[in-house]
There are 2 protein chains.
Amino acid sequence: MASVQNAGRSRVKILFTTVAVALPAIAFAAQTIPVYLSETARATFKALPSITPTVANNPITPEKIALGKAMFFDPRLSASGVLSCNSCHNLATGGDDNHESSIGHGWQKGPRNAPTVLNAVFNIAQFWDGRAEDLKVQAKAPIQAAVEMANTPGQLIATLKSMPQYVEWFNSAFSGEADRVTFENVAKAIEAFEATLVTPAPFDAFLNGDDAAMTSEQKQGLTLFMDKGCSSCHGGINVGGEGYAPFGLVEKPNTDVLPENDKGRFAVTREADDSYVFRVAPLRNVALTAPYFHSGKVWDLKQAVAIMGTTQLGQELTEKEVDLLVAFLNSLTGKVPEVAYPVLPAETPTTPRPVLHILPQ
Amino acid sequence: MASVQNAGRSRVKILFTTVAVALPAIAFAAQTIPVYLSETARATFKALPSITPTVANNPITPEKIALGKAMFFDPRLSASGVLSCNSCHNLATGGDDNHESSIGHGWQKGPRNAPTVLNAVFNIAQFWDGRAEDLKVQAKAPIQAAVEMANTPGQLIATLKSMPQYVEWFNSAFSGEADRVTFENVAKAIEAFEATLVTPAPFDAFLNGDDAAMTSEQKQGLTLFMDKGCSSCHGGINVGGEGYAPFGLVEKPNTDVLPENDKGRFAVTREADDSYVFRVAPLRNVALTAPYFHSGKVWDLKQAVAIMGTTQLGQELTEKEVDLLVAFLNSLTGKVPEVAYPVLPAETPTTPRPVLHILPQ
């Protein structure tokens with residue numbers, strides 16, 4: 001553990017798509033709002049696009065989005081028929097489930113806090129440890145995880161193929177392909193739908209030139225966020241989510257917040273340097289996604305900000321500073337796109353029955 | 001059990017709001033479609049209204065519907081924060097959950113199959129045994145049931161009051177009242193939303209005079225449905241749901257389908273005559289709501305129809321007859337109203353935390 005406590009800034013691995021630039025070297029008090037704040041901010045952050053972003057190797061079409069939406073909400077993606085993607089990444093509650101860690105198959109508790117699906121398309125990689133390179137790869141994991149949806153690709157495809165309406169939708173979404181109802185295409189459709197889950201916020205309007213979109217307090221918070229160095233990790237389009245950093249860069253958090261048995265990205269890379277390294281949390285809609293951190297142990301956003309101060313910056317933030325930073329974070333709460341709740345294909349006599357018991361591992 | 005097997009038709013208690021009339025005394029083969037079929041059918045059934053129906057003691061307003069929708073989808077109505085009304089009465093899958101019986105708090109299994117919420121406003125009473133006189137009374141029960149949402153009114157009201165947006169919505173929906181955020185008003189709002197869940201089907205268009213709305217096979221099935229006597233119980237606006245009848249009127253089903261330990265309405269009235277009596281199942285959207293019966297033991301609609309033939313009519317229906325009856329039942333599959341998935345109020349530091357463990361009874 002000493003290595004984490006003594007870790008220097010050299011261990012921070014940030015792969016920004018936008019280049020973080022140094023703030024103007026003008027000294028200002030925390031509560032002062034620089035004249036060129038929006039310009040400065042534009043060099044560090046990026047406003048959300050007004051159209052659905054593209055994703056690699058998966059052309060997005062209306063048919064694919066519609067199919068992906070159906071599957072996102074369909075509890076029959078799980079072995080039990082109880083849990084859908086939306087169970088843990090609930091679009092009604094910030095794109096996550098407001099649990100320390102999610103409740104899955106057989107009421108089992110997952111190992112880490114569910115990250116929000118909102119704007120997830122902009123993250124450098126998926127999961128807290130970045131082990132999935134994109135949303136396609138991500139989507140396949142919870143479906144198969146024994147403590148989550150506990151399904152198998154074979155069983156899922158049998159389920160989907162048992163419903164003629166689903167087969168028709170796959171045929172339409174993947175018309176150019178020989179084999180259409182496949183696990184790969186399930187993942188592609190879900191990724192296409194998730195790419196539409198972009199939530200423009202007051203902060204975006206501000207970046208786009210609307211100076212009145214943020215309150216004075218929020219602007220002070222933004223100033224402080226850049227001045228203190230928060231934005232050197234939490235930058236870019238998702239205000240984070242673009243790189244990796246050790247949790248406890250300067251000072252290790254207590255073991256409740258950072259349990260010793262979860263070494264984060266180390267499990268992915270097996271590099272000692274990656275012990276307790278996690279993907280930098282994207283902060284859009286953070287006000288909606290308590291509890292915080294991969295452990296989900298902190299319920300209060302102010303407390304989470306204060307912990308970041310000590311562990312990552314080595315600073316005891318004042319109450320006033322925390323309040324201003326939280327005010328800025330509130331400007332990241334965006335508008336969730338309107339989603340018409342889907343009507344799903346009906347089961348048929350050949351649809352596999354729900355499996356409710358916990359299978360031996 | 002002998003009393004059930006020997007039970008005569010006199011035990012059927014039907015309280016029709018529309019009066020069932022005898023079919024014209026013209027002899028016709030099962031597959032013949034009478035000339036005046038739609039007129040005859042109109043005397044037995046009733047088309048769905050084109051506007052939201054009124055409910056007793058609960059004026060329906062847009063504010064109340066919107067609040068009720070939020071609560072219908074909010075998992076924080078349950079102690080665990082995992083289960084919402086929509087978990088078991090899923091609007092995406094026919095207004096129920098396609099389970100034998102529902103999975104509730106702690107992955108416990110409920111005692112009976114979840115009935116559909118679609119068109120439930122038209123039922124004479126709620127639950128399989130009719131123990132709730134309306135949707136207001138119904139809504140309060142699963143919230144408090146230990147095997148379902150396992151919450152308490154006090155805890156729920158504390159949860160709702162911890163979120164300023166909810167308080168505002170209650171203030172707006174119940175503006176004339178002194179005390180607005182109450183358990184009674186939770187139930188009223190949910191009832192108001194549920195009253196909008198009306199699903200016009202081809203059968204309604206047919207009843208309204210569009211002769212082409214049903215196929216020839218469906219009309220043959222309707223003819224048979226009335227001729228065989230199915231409609232003497234399954235009549236009215238919900239094609240059932242308007243009265244009570246013993247399951248096993250003529251012949252007792254096997255104990256898998258009708259478990260001996262569930263005496264149905266007897267538990268409500270304590271009258272011996274009500275042993276194994278259940279509310280007649282409303283048949284709208286029945287093609288979407290497998291598995292069937294209060295026990296949820298029958299997954300195939302054809303099998304369910306055949307069982308009704310032997311147990312309620314004392315007839316072995318032919319395969320052709322079953323097919324025609326199922327064709328008619330398919331004409332009852334309606335259009336679910338478009339529901340925009342809600343964005344719910346965010347939790348605050350004072351919102352009670354999820355309770356995941358099973359409490360001792």
Side-chain angles (χ1 to χ4, degrees), chain A residues 69-70 73-76 80-84 86-88 90-95 97-109 199 285 287-291 299-303 330 333-351 353-354 356-358, chain B residues 69-70 73-76 80-84 86-88 90-95 97-109 199 285 287-291 299-303 330 333-351 353-354 356-358:
Chain A
K69 181 175 86 169
F73 282 102
D74 198 330
R76 293 164 305 189
S80 65
V82 171
L83 304 159
S84 69
N86 190 66
S87 297
C88 301
N90 195 330
L91 302 186
T93 55
D97 59 3
N98 303 335
H99 277 92
E100 194 173 286
S101 66
S102 300
I103 298 304
H105 188 81
W107 212 253
Q108 293 174 94
K109 211 159 172 278
T199 67
N285 301 298
L288 308 177
T289 61
W299 287 80
D300 186 339
L301 185 51
K302 289 185 186 179
Q303 195 192 340
N330 280 329
T333 300
K335 190 175 155 32
V336 180
E338 183 159 308
V339 172
Y341 194 64
V343 172
L344 299 172
E347 293 173 342
T348 66
T350 63
T351 305
R353 304 278 164 80
L356 292 165
H357 61 278
I358 297 178
Chain B
K69 181 176 85 168
F73 281 102
D74 197 330
R76 295 166 301 191
S80 65
V82 171
L83 305 158
S84 69
N86 191 65
S87 298
C88 302
N90 195 329
L91 303 186
T93 55
D97 59 3
N98 303 334
H99 276 94
E100 194 174 286
S101 65
S102 300
I103 299 303
H105 188 81
W107 211 253
Q108 294 174 94
K109 212 161 173 276
T199 68
N285 300 298
L288 308 177
T289 61
W299 286 80
D300 186 338
L301 184 52
K302 288 184 185 179
Q303 196 192 341
N330 281 328
T333 300
K335 191 175 155 32
V336 180
E338 184 159 309
V339 172
Y341 195 63
V343 172
L344 299 172
E347 294 174 342
T348 66
T350 63
T351 305
R353 303 278 165 81
L356 292 164
H357 60 277
I358 297 178

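Side chains are part of it too, since the values below use all heavy atoms of this structure and drop only hydrogens, waters and symmetry mates. Each chain gets a letter, A, B and so on, in the order its sequence line appears, and its residues count up from 1.
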Peer 1: Where on B/Ile103 is there a heavy atom nearer than 4.5 Å to chain A: the side chain, the backbone, both, or neither?
Peer 2: side chain
Peer 1: Measuring heavy-atom distances to chain A, does B/Lys302 have an atom under 4.5 Å in its side chain, in its backbone, in both, or in neither?
Peer 2: neither
Peer 1: Could you tell me which of B/Asp300, B/Thr289, B/Asn86 has the largest number of non-hydrogen atom pairs under 4.5 Å with chain A?
Peer 2: B/Asn86
Peer 1: Counting C-beta onward and ignoring hydrogens, is there a side-chain heavy-atom pair between B/Trp107 and A/Val82 closer than 4.5 Å?
Peer 2: yes
Peer 1: Minimum heavy-atom separation for A/Leu91 and B/Val343, please, with both atom names.
Peer 2: O-CG2, 4.4 Å
Peer 1: Please rank B/Asp97, B/Asn90, B/Leu288, B/Thr333 by heavy-atom pairs under 4.5 Å with chain A and give me the top one.
Peer 2: B/Asn90
Peer 1: Do you know the tightest heavy-atom contact between A/Trp299 and B/Pro354?
Peer 2: CH2-CD, 3.6 Å
Peer 1: Given a strict heavy-atom distance threshold of 4.5 Å, which part of B/Leu301 is in contact with chain A: side chain, backbone, both, or neither?
Peer 2: neither
Peer 1: Most heavy-atom pairs under 4.5 angstrom with chain A, which of B/Pro349, B/Ser102, B/Ala340?
Peer 2: B/Ala340
Peer 1: Heavy-atom distance under 4.5 Å to chain B: side chain of A/Asp74, backbone, both or neither?
Peer 2: neither
Peer 1: Using a cut-off of under 4.5 Å for heavy-atom pairs, which of A/Glu338, A/His105, A/Gln303 has the most such pairs with chain B?
Peer 2: A/His105
Peer 1: Should we count NZ of B/Lys109 as having more than 12 external heavy atoms under 6.0 Å?
Peer 2: yes
Peer 1: Give the member of B/Cys88, B/Ser80, B/Ser84, B/Gly94 that has the highest number of heavy-atom pairs under 4.5 Å with chain A.
Peer 2: B/Ser80
Peer 1: Would a 4.5 Å heavy-atom cut-off, applied to side chains only, mark A/Phe73 and B/Thr93 as touching?
Peer 2: no
Peer 1: Just give me the residue among B/Thr348, B/Asn98, B/Thr351 that pairs up with chain A most often, heavy atom to heavy atom, under 4.5 Å.
Peer 2: B/Asn98
Peer 1: Side chain, backbone, both or neither: which part of B/Pro291 has a heavy atom under 4.5 Å from chain A?
Peer 2: neither
Peer 1: Heavy atoms only: give me the nearest B/Ala346-A/Ala287 pair and the separation to one decimal.
Peer 2: CB-O, 4.5 Å
